[in-house]
Student: 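This structure is in structure tokens; I'll ask about it shortly.
A quick note: this is a predicted structure, and the numbers were derived from the prediction, not measured.
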Amino acid sequence: MYYAGIGVEKNKKMENHHLEEAAIAGQWEARYNLGINEGDKGNIERAVKHYIIAASHGDDDAVDALRKGYRVGQISKEDFAAALRAHQ
């Protein structure tokens with residue numbers, strides 16, 4: 001809603017607030033979206049943490065994001081391997 005500005009003005013701060021609430025409530029899809037937002041802000045470590053949690057709940061897009069991070073050296077081999085094990 002806040003991301004696309006549907007019915008409300010676009011607001012990144014409110015988007016993140018609601019994503020954080022959803023993530024706390026157990027919505028792993030929100031974790032993936034938080035990872036995207038953190039990566040866009042340059043907070044790679046936080047983005048990776050969100051992606052790992054989403055991947056552990058079966059999110060294939062999160063695994064792809066982690067794979068890309070591993071290829072460019074942003075994620076250690078151990079962290080990537082652990083995320084893959086948790087994903088399966």
Student: Could you check if a side-chain atom of His17 sits within less than 4.5 angstrom of a side-chain atom of Lys13, using non-hydrogen atoms only?
Tutor: no
Student: Locate the shortest heavy-atom distance separating Ala30 from Leu19; write the atom from each residue and the value.
Tutor: CB-O, 3.5 Å
Student: Please round to the nearest 0.5 Å and tell me the distance separating atom NZ of Lys68 and atom CD of Gln74.
Tutor: 11.5 Å
Student: What closest approach, in Å, do Ala47 and Gly39 show between heavy atoms, and which atom pair accounts for it?
Tutor: CB-N, 3.6 Å
Student: Let me confirm one number: the CD-CG distance from Glu45 to Asp79, rounded to the nearest 0.5 Å.
Tutor: 10.0 Å
Student: Got Lys41 and Asn16 here, is their nearest side-chain heavy-atom distance under 4.5 Å?
Tutor: yes
Student: If we count only N and O atoms by modelled type, under 3.5 Å, do the side chains of Asp60 and His87 hold a donor and an acceptor together?
Tutor: yes
Student: Any non-hydrogen side-chain atom of Asn37 less than 4.5 Å from a side-chain atom of Glu15?
Tutor: yes
Student: Looking at Trp28 and Ala54, what are the two nearest heavy atoms and their distance?
Tutor: O-CB, 3.8 Å
Student: Can you tell me how far the CG atom of Leu34 sits from the CD atom of Glu29, to the nearest 0.5 Å?
Tutor: 11.5 Å
Student: Same cluster or not: Leu66 versus Ile36, using hydrophobic residues (I, L, V, M, F, W, Y) connected whenever any side-chain heavy atoms lie under 4.5 Å apart?
Tutor: yes
Student: Donor-acceptor pair, Asn43 side chain versus Arg46 backbone, under 3.5 Å?
Tutor: no
Student: Drop me the distance from Glu20's CD to Gln27's CD, to the nearest 0.5 angstrom.
Tutor: 15.0 Å
Student: Out of curiosity, Arg67 CZ to Ile75 CD1, how far, rounded to the nearest 0.5 Å?
Tutor: 10.5 Å
Student: Would you give the length of the straight line joining atom NE2 of His50 to atom CD1 of Ile53, rounded to the nearest 0.5 angstrom?
Tutor: 7.0 Å
Student: Is the Phe80 ring parallel, tilted or perpendicular to the Tyr70 ring (thresholds 30°, 60°)?
Tutor: parallel
